[in-house]
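A quick write-up on the structure given underneath.
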Amino acid sequence: MRIYNTLTGKKEEFIPVAEGKVGMYACGVTVYDHCHIGHARSAVVFDVMRRYMIHKGYLFKYIRNFTDIDDKIINRAKQEGISWNAVAKKYTDEYYQDMDRLGVGRADVEPKATDHISEIIGIVKGLVDKGYAYEVDRSVYFEVGKFPGYGKLSKRDLEDMVAGARVEVDERKRNPMDFALWKASKEGEPSWDSPWGPGRPGWHIECTAMSIKHLGETFDIHGGGADLIFPHHENEIAQSEAYTGKPFVKYWVHNGFITVDKEKMSKSLGNFFTIQEILNKFDAEAVRFFLLSTHYRSPIEFSDEQLREAEVSIDRYYTTLLRIRDFLSQESEKEKAGPDEKALDEMLAKFLDRFKEAMDDDFNTALAIGIIYELVRMLNKYMDGRPSGKKAVELIKKADEMLRETGNVLNLFHRTPEEWYRALMAVKEIGLTEDDILARIGERKAARERKDWAEADRIRKELEEKGILLEDRKDGTGWKVRV
RNA sequence: GGCGGCGUACCCAAGUGGCUAAGGGAGAGGUCUGCAAAACCUUUAUGCAGCGGUUCAAAUCCGCUCGCCGCCUCCA
C-alpha cells in the first residue's frame with residue numbers, strides 16, 4: 001500500500017520497520033475545552049487507518065496521547081475556579097463521550113503527559129548532556145541550531161523562519177526558534193521536581209517520551225492535524241533524533257482542515273462548531289460519513305447542507321439494506337435469473353479488490369465509499385428485476401457479506417435499518433412514537449381498502465408534515481424519517 | 001517576505017500520462033404506482049481556472065497568469 005509522507009512530500013510504498021507489525025502514534029488533544037469537528041476529523045481519520053491496517057492483517061499498536069498539563073489548562077482552571085487536573089479530567093471524559101458516539105475506538109495505549117514526567121526528565125537530561133539543550137533560569141531549551149535537520153519536515157530553514165519575525169523574542173534564548181523542553185513553574189502553578197528545580201514539561205517533549213516508550217526509538221507512523229507539522233512535529237523530530245541518534249518516524253501523515261467559508265476552523269477565529277453541537281442536529285454516523293467522504297488530506301468545507309447530504313446517502317444505504325433483508329426473507333423456490341445477474345456477479349467478483357485498491361492508495365475513503373455506492377445501485381437494479389431462487393439468494397447474501405466487511409473497515413453502516421430510523425427520529429425530534437406511526441398506517445390501510453384515496457392521502461400528508469414519509473409496497477406500507 | 005497546497009458539471013467529490021472523466025445531491029424526462037414515495041433508466045463537463053509548452057497521447061508533467069487557502073504564533 002502507498003501512504004503520503006509529509007517528510008518526503010510524496011506517496012511512498014508502505015514498508016513497516018518490522019515485518020507484519022505497525023506502530024502508530026497520533027497526537028490527541030489538549031484537554032482544556034470542548035472538542036470541535038476538526039478534532040473529530042483527525043480522530044476519525046486515524047481510526048480508519050488503524051482499522052484498515054488491522055483488516056490487512058498487521059499486528060497494530062496505536063498510541064494516542066492526552067496533553068493534560070499546559071498553559072491553556074492552567075488558565076482554564078483559573079477561569080473555572082477548579083484545579084488543573086479537574087479541568088483535564090472533565091474534558092477527557094467529554095472527549096471519550098464524543099469519540100464513542102462517532103465510532104472512534106480507544107487506542108491501545110492512551111498516555112498522559114503527567115504520567116511520564118520521569119521519562120521526560122530523563123530525555124531532557126540526556127539532551128543537555130549531549131549538548132543539544134541548555135538551561136536558563138531553571139528552564140531548559142532545545143538549541144535548534146545544533147540539529148542539522150531542523151526544518152526538514154516543514155520544508156523551511158532557520159534563516160527564513162527568523163526572518164519571518166513573528167516569533168516572540170525571548171532574550172534568554174540563544175536562537176528565537178529554540179523551544180522549551182522544561183519550563184520552570186511560577187508561584188502557585190502545578191510543578192514536578194527536576195534537576196533544574198520545580199517545573200513542568202514543554203509541549204513537544206511529551207510526545208517524544210511517550211512514543212519512544214511505547215513504540216520504540218524508530219517507529220512507523222506518526223500523525224496529527226496539518227497544523228501540527230510546525231512547530232510541534234518539527235520539534236519532536238529534532239529532540240527525538242538528537243536524543244537517540246536514530247531516525248524517529250518513517251511515515252508522517254497529516255490530515256487536512258475543516259473550513260468554514262473557506263477559512264480554517266479554529267478556536268481563535270471563533271468559527272468552530274463543537275462535536276456536541278453538531279450531534280444535536282445530525283446523526284453521528286452521518287458526521288462520520290461526512291468526514292470520510294473527502295480524502296483525509298483535502299480541506300473539507302463544513303456546512304449543514306453537507307451533513308444533510310451525508311444523511312441522505314446513509315439513508316439510501318439502509319433503504320437498500322432493508323430491501324436486501326426483505327428479499328432474503330422471501331420464500332423463493334422458483335429459479336428465476338434477473339436480467340442483471342451477470343453484471344452483479346461480475347461486480348461482486350471485483351468489489352473487495354477495488355475497495356482494497358482504493359484504501360491501499362493512501363486511504364482513499366472517498367473512492368472506497370463511491371465503490372460501495374456503485375454496488376448499492378447495482379443491487380437495487382438487480383432486485384428490481386425480481387429474480388428468485390437459490391442463485392439469486394446466494395448472490396444477494398454474498399453482496400450483503402461484502403458490504404458488511406467494507407462497512408466494518410470504515411465503521412459505517414453497522415446498524416439495522418430500524419436502528420437508523422430510530423436514531424433519526426431522535427435527532428430530528430419527530431414528535432411521534434413508532435406505535436403512533438403504525439396506528440396511522442393502519443388507519444390509512446383501511447381507507448385505501450375502501451378506495452378512499454382522499455383520506456389515505458390526508459393521513460400520508462399529515463405524517464409527512466411531521467417528518468415521516470410513507471412508502472406503499474406490494475406487501476404493505478413502510479415508513480421512514482425524512483432527512 | 002519565505003514555504004506549501006488547491007481550482008473537475010448547478011452543488012459536493014474521486015480521478016495525478018492512454019479504455020465511454022467514479023460516486024452522491026439537485027434539476028429534467030421516463031418505468032413502476034390509485035396518486036405518491038422508494039428503486040431503476042435516460043439526461044446535465046468533446047471537457048477538468050486561463051494561456052502556452054513537453055509527448056504519439058495530459059485534468060494528470062513543465063512554465064506563466066488569475067483566483068482561493070494554509071503554515072511561518074497556540075491550534076486537529
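Numbers restart at 1 for each chain; the letters A, B, ... are given by sequence-line order, proteins then strands. No hydrogens, no waters, no symmetry mates; every other heavy atom, side chains included, goes into these values.
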Original post:
Which part of the nucleic acid does A/G385 contact within heavy-atom distance under 4.0 Å: base, sugar-phosphate only, or nothing?
Top reply: nothing
Subject >> Whether A/Y318 and A/F413 hold their rings parallel, tilted or perpendicular, with breakpoints at 30° and 60° >> reply: perpendicular
Subject >> Any strand: nucleotide that pairs with B/rC10 via Watson-Crick or wobble, under 3.5 Å >> reply: B/rG25
**OP:** Would you mind telling me which residue lines up with the more 5' stretch of RNA chain B, A/Y373 or A/Y296, judged by nearest nucleotide?
**Re:** A/Y296
**OP:** Determine the Euclidean distance between corresponding C1' atoms of B/rC51 and B/rG67; express it in Å to zero decimal places.
**Re:** 15 Å
Original post:
How does each nucleotide of nucleotides 34-42 of chain B score, in 5' to 3' order, for protein heavy atoms under 4.0 Å: base (B), sugar-phosphate only (S), or none (-)?
Top reply: BBBBSSSS-
**OP:** Would you check if there is a donor-acceptor pair between the side chains of A/Q239 and A/T208 at a distance under 3.5 Å?
**Re:** yes
Original post:
Taking atom P of B/rC3 as reference, at what distance in whole Å does atom CD of A/E159 sit?
Top reply: 13 Å
Subject >> Separation of B/rC74 P from A/H36 NE2 (nearest whole Å) >> reply: 16 Å
Original post:
Under the side chain to side chain contact (heavy atoms under 4.5 Å, CB included) criterion, do A/E206 and A/I120 qualify, and how do the steps go?
Top reply: CA-CA 6 Å; A/E206 66 177 76; A/I120 289 169; 4.2 Å; yes
Subject >> Sugar-phosphate only, base, or nothing, as touched by A/I258 at under 4.0 Å among non-hydrogen atoms >> reply: base
Original post:
For B/rA38, what is the paired nucleotide under Watson-Crick or G-U wobble rules, both distances under 3.5 Å?
Top reply: none
**OP:** Rounded to whole angstrom, note down the C1' distance from B/rG15 over to B/rU8.
**Re:** 9 Å
Original post:
B/rG24 P sits how many Å from A/L375 CG, rounded?
Top reply: 12 Å
Original post:
If we ignore angles and hydrogens, is there a donor and acceptor under 3.5 Å between the side chains of A/Y62 and A/R106?
Top reply: no
Subject >> Verdict with reasoning, A/Y4 to A/F363, per ring-ring contact (aromatic ring centres under 6.0 Å, His included) >> reply: CA-CA 9 Å; A/Y4 181 87; A/F363 306 102; over 10 Å; no
Subject >> Whole-angstrom distance between B/rA49 and B/rC6, as gauged at atom C1' >> reply: 11 Å
Subject >> A/Y96-A/F66 aromatic ring centre distance below 6.0 Å >> reply: yes
Original post:
With both distances kept under 3.5 Å, what pairs with B/rC71, Watson-Crick or G-U wobble?
Top reply: B/rG2
Original post:
Where does the angle between the aromatic ring planes of A/F14 and A/Y251 fall among parallel (under 30°), tilted (30 to 60°) and perpendicular (over 60°)?
Top reply: tilted
Original post:
To the nearest 0.5 Å, what is the distance between OG1 (A/T406) and CD1 (A/I369)?
Top reply: 10.0 Å
Subject >> Between A/N75 and A/Y32: side-chain donor-acceptor atoms closer than 3.5 Å >> reply: no
Original post:
What orientation do A/H233 and A/W252 show, parallel under 30°, tilted 30 to 60°, or perpendicular over 60°?
Top reply: tilted
Original post:
Reckon A/M265 touches a base, only the sugar-phosphate, or nothing at all at heavy-atom distances under 4.0 Å?
Top reply: base
Original post:
Taking atom P in both B/rU46 and B/rG27, what distance in whole Å separates the two?
Top reply: 22 Å
Original post:
Is the centre of the A/H36 ring less than 6.0 Å from the centre of the A/F273 ring?
Top reply: no
Subject >> Distance (rounded to the nearest 0.5 Å) between A/L7 CG and A/S154 OG >> reply: 10.0 Å
Subject >> Watson-Crick/G-U partner (both atom distances under 3.5 Å) of B/rG18 >> reply: B/rC56
Subject >> Complement of B/rA45, any strand, by Watson-Crick or G-U distances under 3.5 angstrom >> reply: none
Original post:
Taking the same atom, C1', in B/rC19 and in B/rG30, what whole-Å distance lies between them?
Top reply: 30 Å
Original post:
When rounded to the nearest Å, what value does the distance between P atoms of B/rG18 and B/rG34 take?
Top reply: 50 Å
Using a cut-off of under 3.5 Å, enumerate the N/O to N/O pairs linking the protein to nucleotides 15-19 of chain B.
residue : atom : partner : partner atom : Å
B/rG15  : OP1  : A/N364  : ND2          : 2.7

Subject >> Spacing of A/N255 atom CG relative to B/rA76 atom P, expressed in whole Å >> reply: 10 Å
Original post:
Any donor-acceptor pair under 3.5 Å between the side chain of A/E309 and the base of B/rG24?
Top reply: yes
Original post:
Is there side-chain contact between A/L215 and A/D220, with at least one heavy-atom pair below 4.5 Å?
Top reply: no
Original post:
Rounded to the nearest Å, what distance is computed from the CZ atom of residue A/F273 to the C1' atom of nucleotide B/rA76?
Top reply: 17 Å
For nucleotides 4-6 of chain B, list the nitrogen or oxygen atoms of the protein found under 3.5 Å from its nitrogen or oxygen atoms, one pair per line.
none

Original post:
What is the distance from OH of A/Y32 to C1' of B/rA76, rounded to the nearest Å?
Top reply: 11 Å
**OP:** Could you give the distance separating B/rG7 and B/rC62 at their P atoms, to the nearest angstrom?
**Re:** 14 Å
Subject >> 5'-most by nearest nucleotide on RNA chain B - A/I37 or A/K262 >> reply: A/K262
Original post:
Can you tell me how far P in B/rG2 sits from the matching atom in B/rU20, rounded to whole Å?
Top reply: 44 Å
Original post:
Taking the side chain as C-beta and beyond, is there a heavy-atom pair between A/L367 and A/D361 under 4.5 Å?
Top reply: no
